[in-house]
Structures are given as C-alpha cells and as structure tokens.
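Inspection log for the structure reproduced underneath, given as structure tokens.
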Number of protein chains: 2
Amino acid sequence: MTRAQLFVNIRRKKSFLCIGLDTDINQLPKGIKRTPEGVLAFNKKIIDATHSLCVAYKPNVAFYESLGSKGWQVLEQTVLYIKDNFPDIFTIADAKRGDIGNTANLYARAFFDQMNFDSLTVAPYMGEDSVRAFLGFKNKWVVLLALTSNKGADDFQLQELKNKEKLFQNVLRVSQRWGTKDNMMFVVGATRPKLIAEIRKLVPEHFLLVPGIGAQGGSLKEVAKFGMNKHCGLLVNVSRSIIYAGNSDTFAKRANEEAAKLQMEMEGILIKENIF
Amino acid sequence: MTRAQLFVNIRRKKSFLCIGLDTDINQLPKGIKRTPEGVLAFNKKIIDATHSLCVAYKPNVAFYESLGSKGWQVLEQTVLYIKDNFPDIFTIADAKRGDIGNTANLYARAFFDQMNFDSLTVAPYMGEDSVRAFLGFKNKWVVLLALTSNKGADDFQLQELKNKEKLFQNVLRVSQRWGTKDNMMFVVGATRPKLIAEIRKLVPEHFLLVPGIGAQGGSLKEVAKFGMNKHCGLLVNVSRSIIYAGNSDTFAKRANEEAAKLQMEMEGILIKENIF
C-alpha cells in the first residue's frame, strides 16, 4: 500500500486506528475453543466487527509463534483473511526482526512474499544492512523501532550520545538515509508524549506507529497534539482494550463498541486538525 | 544445559564449534529435493555427519520462517532430532527477538517450551524488561547481541555515549545486572577481534557466541587469542563453509571434513591454552 492510499483510507474512515491482533490462546472468550483454530475464529470475528472503524491491523507475531507451526498457520490465514476481504486495510507484522543483510532478506521473503504483509516492524540495533534488506519491496514498509512504550526504553534508547543526541534520536536521523517517508515508519510509544514533539522535528512527514494507548497508559489526545501532521501521520495502535473488551459470546460486539469510541474520538481530532 | 555441562562437553569433544544450520532451500545440494522436507533431510544428514565435532547447533530462524508454517515445522523437527539423538548438544535459536515483557514471555514459550531450545538470541534495543522475560527458565540461556559481525554494527553499536562507553560496552555492562554468567551469553562478531579483548575485560567469565569466522572473514586464532578464558568461554559459529562445503551427494562427507579441520584447530588451541 502507498502512503497516498493510506491517507485516503484515513480520511474515508475518519480513523487512524490500528488494532493489535495480540490474540492470546489463554484469554479467548467463552464459546471459543482454546486451540489454534479457535484463535483464527476469534480473529475473524474481531476483524468482521471492527474493520470499518480502523485502517490497520497489527498482529504481534509472538502470540502466534508461541503456538508453534500451527500458530504460524493461523498468522498466515489471518493476514490472508484480511487481504481477501478488506484489501484497503494496512497490515503490520509486529515481529521486531533484525539480522545481517542476507538473513534479513529471508525475513522479508517470509513476511512480504509468503504472507503479503504490507509492513514489518524492525529493530535497529544491527544497523543499516539489517534494515535496508526490507526496503527494496514495492509498496512495502519498514516500521523501525525508535522509542518504544516499555520501561526498558530507558536503558539504551534514552542514553545520551557524545554528540548530545539520545540513541532514539540518532536512530531517527541516521535511518532517514536508508529509506524515505514512502517506505519507512517509526514506532514511537504513547507513554512519553512530550518526546513525540521532539520526534516530529526530526521526522516531520513520516508516519508514526504509536502503541501504548489504553492498557499501557498513554493518552490519544496528547499523542495527537504532539504527533499529528497535515497528512495525519499517525497510526495509533490499541490491542487488549479492544479485543478483550468482552469475554462472553458478545465479545465481538463489545470490541466493535470500544473501537467505535476510539474512532469517534479520532474523527473529532481529525476535524479539529482540518485533515479533511 | 548448565555452564558446567557445556564445559564438560567442550573438553570431551576438544571443540568449541557451533554449526549454524542456516539451511537455504535454494542452495540444497543435488539429490536433495528443494522442499521443506528436503531441508529437514539435509539438516539430519549434516547433524549425523558433524555432531561428534561440535558442541552446539544454531539454526537461524529466518531460514525456516521464509518457508512459512512448513518451515516452522522443519525447525521444530530439527531441534527435536538433535535433542532426541544427541542430548549433549547445546541448541541456540538464532531468532534475535526482543519485545515488551509480556510479549517476550510468549517468545520464551515458543522457543523454550514448544521447541525446547537451550538458548535464544535476543536484541537489546528495548532494554531490561525485553530481556528479563527469558531469564526465568531453568537451564535456559539468553544470548544477547552485543557487537555483531556485520558492517551495520558501526551505525549504533559503536556509537560513543556521553560517558565515553560505546553502546555495545554499555549493553555488556548494564545487562549484567539482569542475568549471570550461568544464564547469559553475548554475541560478539569475529570481524573485530581486537574489540574482543576489551569485551573480555567487561565480561571475563561469560560465554561469547562468535559468528563471522569463514565467509565473513574473521580468524579463529585471533578470536581465541583475545577471547578465550579458563573455561574456554567461546562458542565459535561457522555456517556456510561447513554446511555448503559440498554440493553433490558427498555433501555430508565434505561437511564432516570441514568441521573436522576446525575441530583439529580448536583442539590445538585448547591444548595450548591448557584447558584440559
């Protein structure tokens, strides 16, 4: 998917919501079997109930890997279900991969060719060749970790370098030599909203994928205040508070209601910011 | 596997060789079908031909993921084959994972519970909680990326921090608060042997997993000179130059010969360093 297409979808749906399909087999609601097939059935019901309210889905690959090869099949079938039924949805494989160049090519083959994801989250620690391998695919995206939403972000990402930049700022600045606003996004956690303003100075036009709203404590208003640009430039991810909104047989309806609340709030922000 | 057991195996086999099972379906030798089943058959023949000469196997997970869920099955079956037939071999899932705490738990479930790997490579960018999740498993190990063997290591790992440390040095120092020499190793590329001496000052007793010998240009002698400690403290990984030593039906014999050369060289080093 291109940047222009993504922006069209945001305006049409009045939403910049990304839903995290972090489906834990141990948290499936009553009435859904706790099997890999149950995970797929749950995902399909969540997707059916929420696709009109969001512009992206982001399965975190760990949840599928934890089920072994059957989980991997569920991941394949989930992205296929989205692409077959809702081709205007942007898909993000949240896999946080990163390896030397020729190995990274294989990860690209896995997520872009085998599974047809639009994008993949990538960790920057191994540098240029580990990221560049993902940038040669037409209309595919790297979503590079910059400033994550967890406490551990303090340990290295917020370390100050000799040149006064923090490591995450260095990642943002240096990685712009490798890709463009048309094939790279950055992960920026909602839990440090004021740093988002600093990040916008470094990457005014790139899309930011923002986790950390909801269960992790970030605020949508603050994220929008500091992070929105004139092409929206935000995909805000929410996982648990949508997909586990209900735990009875009305779980899909409850997920729809939670997603609708967020979409409404986003619509208000988009109107206020004159994005239409 | 414990550190003591690993050291026993090194002395018994007179080897600190780790063989990288980076099996590319497109590079399988003549006579092996280019299918996931062919990858498994190839792995089994390589393992049968080399297990007495090495102490560890390290499949890079990317090679398996690139084949989809069937590749994941091959990975499962490969580690099962090793554990069933050669239980004294240390197994490393080279997956370079790293995610927020509760998600990292799921990766641990995938690699330690579902697949019974002894260890997993982990990327440090997301900090403490992304690493700690893997440290609570008895006799399981985190192999943390410190200084990798690729050119991109220059970009961030070798950046100097305000406190004069380089980022990889900071990772080595700080991460020792999270784990011990009995549940953590570090990845240190062979391509910068002199830095290995500096690394040994920071982590005198930890095992180092050293890739970059052979195809990537590192020297075994130099690695041993700068990196060996009194319990060996090294696992030197070689992939392509062993597993693709031959491309005809004698490939397993050729792999054995290449592994034997390295084992002989390692035996010489271990004798010289009085490790027996």
Side-chain angles (χ1 to χ4, degrees), chain A residues 22 24 60 62-63 65-76 94 96-101 103-111 113-115 123-132 145 148-157 159-164 167 170-171 174-175 211 216, chain B residues 22 24 60 62-63 65-76 94 96-101 103-111 113-115 123-132 145 148-157 159-164 167 170-171 174-175 211 216:
Chain A
D22 300 354
D24 186 338
N60 186 310
F63 289 81
E65 283 190 17
S66 73
L67 306 176
S69 57
K70 284 192 178 167
W72 203 256
Q73 280 176 340
V74 171
L75 180 64
E76 289 170 342
D94 191 2
K96 302 186 176 72
R97 296 297 189 258
D99 210 313
I100 61 171
T103 304
N105 279 329
L106 291 162
Y107 281 126
R109 216 192 275 172
F111 290 101
D113 288 345
Q114 286 273 341
M115 285 195 277
Y125 190 73
M126 291 182 69
E128 179 169 357
D129 53 328
S130 72
V131 176
R132 257 197 207 280
L145 302 188
T148 56
S149 58
N150 63 322
K151 192 173 174 306
D154 289 340
D155 292 317
F156 305 119
Q157 298 166 29
Q159 283 279 350
E160 193 173 318
L161 304 179
K162 196 181 165 187
N163 71 0
K164 309 282 183 194
L167 177 61
N170 190 253
V171 166
V174 170
S175 64
Q216 291 181 61
Chain B
D22 301 353
D24 186 339
N60 186 310
F63 289 80
E65 283 190 18
S66 72
L67 307 176
S69 57
K70 285 191 178 168
W72 202 257
Q73 280 177 339
V74 172
L75 181 64
E76 290 171 340
D94 192 2
K96 300 184 177 75
R97 297 297 190 258
D99 210 313
I100 60 171
T103 304
N105 279 329
L106 292 162
Y107 281 126
R109 216 192 276 171
F111 290 100
D113 289 344
Q114 286 273 342
M115 285 195 278
Y125 190 74
M126 292 182 68
E128 179 168 355
D129 53 327
S130 72
V131 176
R132 256 196 207 280
L145 302 188
T148 56
S149 58
N150 63 323
K151 192 173 173 308
D154 289 340
D155 293 318
F156 305 119
Q157 297 166 28
Q159 284 280 351
E160 192 172 318
L161 304 179
K162 197 181 167 189
N163 71 0
K164 308 285 183 192
L167 177 61
N170 190 252
V171 166
V174 170
S175 64
Q216 292 181 62

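Quick note on labels: first sequence line is chain A, next is B, and so on, each numbered from 1.
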[X] versus chain A, heavy atoms under 4.5 Å apart: side chain, backbone, both or neither?
X	answer
B:Glu160	both
B:Val131	neither
B:Pro124	both
B:Asp99	both

Item checked: chain B contacts, top residue of A:Asp113, A:Asn105, A:Asp22, A:Leu67 (heavy-atom pairs, under 4.5 Å) ->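 The residue among A:Asp113, A:Asn105, A:Asp22, A:Leu67 with the greatest pair count is A:Leu67.
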
Need one label for [X]: side chain, backbone, both or neither, based on atoms under 4.5 Å from any heavy atom in chain B.
X	result
A:Asp24	side chain
A:Leu75	neither
A:Thr148	side chain
A:Arg132	neither
A:Glu76	side chain

Item checked: Whether A:Gln114 side chain and B:Ser66 backbone form a donor-acceptor pair below 3.5 Å ->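 Present.
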
Next item on the list: Specify which of B:Asp154, B:Leu161, B:Leu145 makes the most heavy-atom pairs with chain A at under 4.5 Å.
Entry: B:Leu161

Item checked: Heavy-atom side-chain contact between B:Met115 and A:Glu65 under 4.5 Å ->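 They are not in side-chain contact.
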
Item checked: Heavy-atom closest pair, residues A:Gln157 and B:Met126 ->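 Closest heavy-atom pair between A:Gln157 and B:Met126: NE2-CA, 3.5 Å.
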
Check: Closest heavy-atom contact between A:Trp72 and B:Gly68?
Finding: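 Scanning both residues, the minimum pair turns out to be CD1-C, 3.3 Å.
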
